[in-house]
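Accompanying notes for the structure given below.
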Amino acid sequence: MFRPRGADSRPPNRFHAYGSTALRAPSRPAVAIGQTLSETTGPSRLAGVPDTDADLTRNARAGGEPQGERIVVSGRVLDEDGRPVPDTLVEIWQTNAAGRYRHPSDGHDAPLDPDFSGEGRTRTDEEGRYRFLTVKPGAYPWGNHYNAWRPAHIHFSLFGPAWATRLVTQMYFPGDPLLGLDPILRSVPGEAARARLVAAFSLDVTEPGRALGYEWDIVLRGRFDTPPLG
Amino acid sequence: MRHPRFGRAEPGEEDPNARSQGEVPRPGQTPSQTIGPFFSSALLGRGRDTPAPPGVRGTRIRVEGRVLDGAGDPVSDAMIEVWQANADGRYDHPSDRREDAEVHGDFHGFARLGTDTAGRFRLETVKPGPVPGRGNARQAPHLNLVVFARGLLDHLCTRAYFSDEPEANAADPVLAAVDPPRRDTLIAVLEGARQAPLPLVYRFDIRLQGGGEPVFFEF
């Protein structure tokens, strides 16, 4: 049995400032059901990933090296009780340093980088740790409202131990002036919960002479030690 | 600067994790954010398009449908994930320790599907068996589905049951928790005769908003 989703950390379906929710957010509230094997199990045999896939500065080279500022992003995947979540798949995707995705729908007039796909994946180790080497993504304009810009971010997808712990989210960078203006980040109800989406600069994670380091821990739903009554 | 790892509240702000005095605050959950429109090459493909590769024991089925928005327009940038039990009703997971249902070879139970420009998706799999519910209850065969898309800040969880399982559906405790008029939104409808050549084809459309919107669950 997993603890409930945190009310402060769960965005609403409909969020007026984020225009794409208008025609896509369900109009009725979710129906609460008790957890069964269908929710307390989940994908555990996802295919392995090659070692190079955690190094986005190398996994899509076409003869050169990606443009931009090399960074390390690392941290731990934990549950709410601070226990590590080992051997779980972590997938990321992001823009290149110029703020452009390598995706046919991205019409932003910024250069593609032939040596950078912006995609990577890894698995957490026995202490729940993950580590990516990449370049710092750029901010980019989007059509949500006049002069709207997304802050630099990295998309993360995680499974954890069960269907109930599935999480897709975004990591942001500290000190970004766009954070307070972003409707997607602002959709998270709690101030403290929003802060949990912002990585911390870390000199410990920084590789001397090579790449600045950012540390970001991800916290998935914890388990009840004993199932609640009822 | 507070460390984002623990996300403690600022002075004067109520910490939602501290339920009562004396309880040690737990690190708060990392919030959900939308998958956005640019996930496809990072997440789709990679051999994860079926929970049950060919040759796995069970009745082959195909579930076809469309994802539509509140205006009835196709959602061409959605991702649907599927989690299901095998034909014996067993999940491929360490928490399913039952000995009366077997793990089946290459069956792993998980798939990811993208939608095309018409909002269509197609799942090729085997029909799941009934699985245990809470207490002594038994759940009717079903697929667990989540929908991700631009405009969805959190993923949406639903289930697809099968129209040719009326007795099992009538006894299903999750369907019983749903208002009777909305139960049909959770039923994948068998197209053609039951004896049609395999795979059996079911239709399950997902209207994200408005009339016919499926029941979305939280758990």
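The figures that follow rest on heavy atoms only: side chains count, while hydrogens, waters and symmetry mates do not. Residue numbers start from 1 in every chain, and the chains themselves are labelled A, B, ... in the order their sequence lines are given, proteins ahead of strands. Because the structure is a prediction, the values reported are computed rather than measured.
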Next on the checklist: Looking at B:Glu81 and B:Arg48, is any side-chain nitrogen of the basic one under 4.0 Å from a carboxylate oxygen of the acidic one?
Outcome noted: no

Item to check | Segment of B:Phe148 engaging chain A (4.5 angstrom heavy-atom cut-off) | outcome: side chain

Checklist entry - So does B:Asp106 have more than 12 non-hydrogen atoms from other groups sitting under 6.0 Å from CG? => result no

Next on the checklist: Between B:Asp205 and B:Arg66, is the salt bridge (charged side-chain N to carboxylate O under 4.0 Å, His left out) condition met? List the steps.
Outcome noted: CA-CA 5 Å; B:Asp205 289 335; B:Arg66 296 176 78 196; over 6 Å; no

Item to check | Segment of A:Ser157 engaging chain B (4.5 angstrom heavy-atom cut-off) | outcome: side chain

Item to check | Stacked cation flag A:Arg166 on A:Phe159, 6.0 angstrom / 45 deg | outcome: yes

Checklist entry - Do A:Tyr140 and A:His153 pass the ring pair (Phe, Tyr, Trp, His ring centres under 6.0 Å) test, and can you show the C-alpha distance, the side-chain angles, and the key distance before you say yes or no? => result CA-CA 10 Å; A:Tyr140 60 86; A:His153 60 275; 5.8 Å; yes

Item to check | Residue part contacting chain A, namely of B:Arg90, when any heavy atom lies under 4.5 Å | outcome: neither

Checklist entry - Looking at A:Asp81, A:Val31, A:Leu46, A:Thr40, which one has more heavy-atom pairs under 4.5 Å with chain B than the rest? => result A:Val31

Checklist outcome for this item: Given A:Ser20, A:Pro26, A:Gly19, A:Gly6, the one with more heavy-atom pairs under 4.5 angstrom with chain B than any other is A:Pro26

Checklist entry - For B:Phe219, is it the side chain, the backbone, both, or neither that has a heavy atom closer than 4.5 Å to a heavy atom of chain A? => result both

Checklist outcome for this item: Checked A:Asp106, A:Thr21, A:Val168 vs chain B; the most non-hydrogen pairs under 4.5 Å come from A:Val168

Next on the checklist: Can you tell me which portion of B:Arg207 sits under 4.5 Å from chain A's heavy atoms? Options are side chain, backbone, both or neither.
Outcome noted: neither

Checklist entry - What about A:Tyr130 and A:Phe156, are their ring centers closer than 6.0 Å? => result yes

Next on the checklist: Is B:Arg98 close to chain A through its backbone or its side chain, or both, or neither, when contacts mean heavy atoms under 4.5 Å?
Outcome noted: side chain

Item to check | Ring center gap for A:Tyr214 and A:Phe173 short of 6.0 angstrom | outcome: yes

Checklist outcome for this item: The interface call for B:Val146 against chain A, heavy-atom contacts under 4.5 Å, is both

Checklist entry - Any Lys/Arg nitrogen of B:Glu102 or B:Arg57 sitting under 4.0 Å from an Asp/Glu carboxylate oxygen of the other? => result yes

Checklist entry - Is it true that A:Glu126 and A:Arg76 have a side-chain N and a carboxylate O under 4.0 angstrom from each other? => result no

Item to check | Portion of A:Gln35 that has a non-hydrogen atom of chain B nearer than 4.5 angstrom | outcome: both

Item to check | Engaged part of B:Val75 at the chain A interface, taking heavy atoms whose separation is under 4.5 Å | outcome: both

Checklist outcome for this item: Exactly one candidate in A:Arg221, A:Arg5, A:Arg10 meets salt bridge (charged side-chain N to carboxylate O under 4.0 Å, His left out) with B:Glu218; the answer is A:Arg10

Checklist entry - Based on non-hydrogen pairs under 4.5 Å, which of A:Glu39, A:Arg194, A:Glu91, A:Arg28 is most in contact with chain B? => result A:Arg28

Next on the checklist: Please classify the contact of A:Ala22 with chain B as side chain, backbone, both or neither, using a heavy-atom distance under 4.5 Å.
Outcome noted: backbone

Item to check | Which atoms of A:Pro189 approach chain B - backbone, side chain, both or neither, heavy atom under 4.5 Å | outcome: neither

Checklist outcome for this item: Turns out that what part of A:Leu158 lies under 4.5 Å from chain B's heavy atoms comes down to neither

Checklist entry - Any idea how A:His155 and A:Tyr101 line up, ring-wise: parallel (<30°), tilted (30 to 60°), or perpendicular (>60°)? => result tilted

Checklist entry - Measuring heavy-atom distances to chain A, does B:Leu156 have an atom under 4.5 Å in its side chain, in its backbone, in both, or in neither? => result side chain

Next on the checklist: Is any side-chain heavy atom of B:Val67 closer than 4.5 Å to one of B:Leu208?
Outcome noted: yes

Checklist entry - Highest number of heavy-atom pairs under 4.5 Å with chain B: which of A:Ser117, A:Gly82, A:Gly118, A:Ser44? => result A:Ser44

Item to check | Engaged part of B:Tyr91 at the chain A interface, taking heavy atoms whose separation is under 4.5 Å | outcome: side chain

Next on the checklist: So which residue, A:Gly34, A:Ser105, A:Gly222, ends up with the most heavy-atom pairs under 4.5 Å with chain B?
Outcome noted: A:Gly34

